[in-house]
Amino acid sequence: MIEEAAKLLARSRFAIAFTGAGISAESGVPTFRGFNGLWKKHRPEELATPEAFRKDPYLVWEFYRWRMDLIRKARPNRAHYALAELESMGILKAVITQNVDDLHREAGTGNLIELHGNIFRVKCTSCGYGEYLKESGKLEEFLAQRNLPQCPDCGSLLRPDVVWFGEPLPRSALNEAFRLAERADVVLVIGTSGVVYPAAYIPQIVKETGGRVIEINTEESGITPIADVFLRCPAGEAMEKLMT
Ligand SMILES: CC(C)NC(=O)[C@H](Cc1c[nH]c2ccccc12)NC(=O)[C@H](CCCC/N=C(/NCCC(=O)O)S[C@H]1O[C@H](COP(=O)(O)OP(=O)(O)OC[C@H]2O[C@@H](n3cnc4c(N)ncnc43)[C@H](O)[C@@H]2O)[C@@H](O)[C@H]1O)NC(=O)OCc1ccccc1
Ligand SMILES: [Zn+2]
């Protein structure tokens, strides 16, 4: 199977990657399904909603600060670096991710589409203010606080710049992702359960426009039925084999 996947990639004219939480599991970042009950018995889907934020912004900010603190200590793993290398070799044209953990960027991926936002960015709930805490160097101080963060421009509440359930994805990112999927002849799907929409349409669009689907996952997922090659293997291990 690895040989077949390597051949498909080597012969590809326009290959892209589509990733989920599973690619960051080996970096110590819990997957969504692995999360259940991980944080104070809450399911992430309960807290990652506009309703939850309206009802209890303290609880939601505590949840996101906990995740930001956990994720900032994580480092990219072999799978993240392999995708960045495939891009620098000109084989991979883009990485489309559902992850908000910034690990693809840290690994050196250039053409990165973050469909669900980035946990280290905050934005104002009323004016257009936004800040990337890693760049502004305010991350430490931000995580040390327990208060509700306020917008320095208008004083309103700041929220994590991620897409919550029931919220539309950023139009530009979604259009770019669909455009890439239509153009791709190969998609490398890594570590996703493939149940969250509209993101999960990406591999289907590649398939429907004549492309091939290579899936890497430790177990079958919602994508497996359309996979031409299924590698049941941890992402780091599979990508290492693919690169050698
Ligand atoms: C749960 C699901 C059924 N619900 C949805 O899809 C909903 C509703 C919906 C919309 N359309 C539909 C159509 C059909 C059904 C439902 C819907 N979608 C939405 O709400 C979207 C927004 C969805 C985005 C939500 N935000 C996230 N994240 C950011 C926040 C945050 O992170 O805090 S989603 C979040 O969960 C998802 C988790 O999935 P995975 O990444 O796949 O992770 P998971 O844990 O599930 O699986 C891990 C996999 O890895 C594998 N694995 C584990 N270890 C390894 C390993 N080592 N190696 C390899 N693989 C491994 C495992 O086997 C497993 O398969 C990711 O997308 C992640 O980003 N918005 C919207 O539709 O808006 C409408 C709209 C339109 C216009 C105007 C108004 C409204
Ligand atoms: Zn503001």
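Numbering starts at 1 and runs along the sequence shown. When a ligand or atom number is given, it counts from 1 through the structure's own listing order.
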Any N/O of [X] closer than 3.5 Å to an N/O of ligand 1?
{"X": "His116", "value": "yes"}
{"X": "Gly166", "value": "yes"}
{"X": "Thr192", "value": "yes"}
{"X": "Ser193", "value": "yes"}

Inset, instruction - Can you label the angle between the Phe53 ring and the Trp164 ring as parallel, tilted or perpendicular, going by 30° and 60°? - result: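 If you compare the ring of Phe53 with that of Trp164, the planes turn out tilted.
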Legend entry - Within-4.5 Å side-chain heavy-atom neighbours: Asn217 and Thr224: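 Sidechains of Thr224 and Asn217: no contact.
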Legend entry - Flag side-chain contact, heavy atom, 4.5 Å: Asp185 against Arg212: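 No - every pair of side-chain heavy atoms lies 4.5 Å or more apart.
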Structural part of [X] in contact with ligand 1, heavy atom criterion under 4.0 angstrom:
{"X": "Ala235", "result": "both"}
{"X": "Val195", "result": "backbone"}
{"X": "Val100", "result": "side chain"}

What I want to find out is whether [X] reaches [Y] closely enough, with some N-O distance under 4.0 Å, to be called a salt bridge.
{"X": "Arg67", "Y": "Asp101", "value": "no"}
{"X": "Glu237", "Y": "Lys241", "value": "yes"}
{"X": "Glu176", "Y": "Arg179", "value": "yes"}
{"X": "Glu135", "Y": "Arg105", "value": "no"}
{"X": "Asp69", "Y": "Lys73", "value": "yes"}

Inset, instruction - Run through Ile223, Ile96, Thr192 and flag the one making a side-chain contact (heavy atoms from CB on, under 4.5 Å) with Pro203. - result: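 Among Ile223, Ile96, Thr192, the one that satisfies the side-chain contact (heavy atoms from CB on, under 4.5 Å) with Pro203 is Ile223.
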From [atom], work out which of [options] has a heavy atom at the shortest distance.
{"atom": "atom 33 (O) of ligand 1", "options": "Tyr197, Phe63, Tyr64, Phe32", "value": "Tyr64"}
{"atom": "atom 22 (C) of ligand 1", "options": "Glu167, Glu220, Arg171", "value": "Glu167"}
{"atom": "atom 26 (N) of ligand 1", "options": "Ile23, Asn99, Val163", "value": "Val163"}
{"atom": "atom 76 (C) of ligand 1", "options": "Ser27, Ala199, Pro168, Pro160", "value": "Pro168"}

Inset, instruction - Answer with yes or no whether Arg67 contacts ligand 1, where contact means a heavy atom under 4.0 Å from a ligand atom. - result: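 The answer is yes: ligand 1 sits under 4.0 Å from a heavy atom of Arg67.
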Inset, instruction - State whether a side-chain donor-acceptor pair under 3.5 Å links Ser27 with Asn77. - result: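 Yes, side-chain donor-acceptor contact under 3.5 Å.
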Legend entry - Distance-only polar pair, side chains of Ser24 and His80, donor-acceptor under 3.5 Å: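 His80 and Ser24 do have a side-chain donor-acceptor pair below 3.5 Å.
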If the cut-off is 4.0 Å to any non-hydrogen atom of [X], which atoms of ligand 1 fall inside it?
{"X": "Gly191", "result": "48 (C), 49 (C), 50 (O), 60 (N)"}
{"X": "Ala21", "result": "40 (P), 41 (O), 43 (O)"}
{"X": "Gly20", "result": "41 (O)"}
{"X": "Gln98", "result": "66 (C), 67 (O), 68 (C), 69 (O)"}
{"X": "Glu26", "result": "56 (C), 57 (N), 58 (N)"}

Legend entry - Nearest heavy-atom neighbours spanning Arg13 and Arg183: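 Distance-wise, the nearest heavy atoms are NH2-O, 3.7 Å.
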Legend entry - Cation-pi geometry met for Arg72 and Phe142 (6.0 Å, 45°):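 No - Arg72 does not lie over the ring of Phe142 by the 6.0 Å and 45° rule.
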Legend entry - Sum of protein N, O or S atoms, each under 2.8 Å from the Zn ion (ligand 2):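 There are 4 of them.
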Inset, instruction - Give a yes or no on whether Ile226 and Leu180 share a hydrophobic cluster (residues Ile, Leu, Val, Met, Phe, Trp, Tyr; joining criterion: side-chain heavy atoms under 4.5 Å apart). - result: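 Result: yes, single cluster for both.
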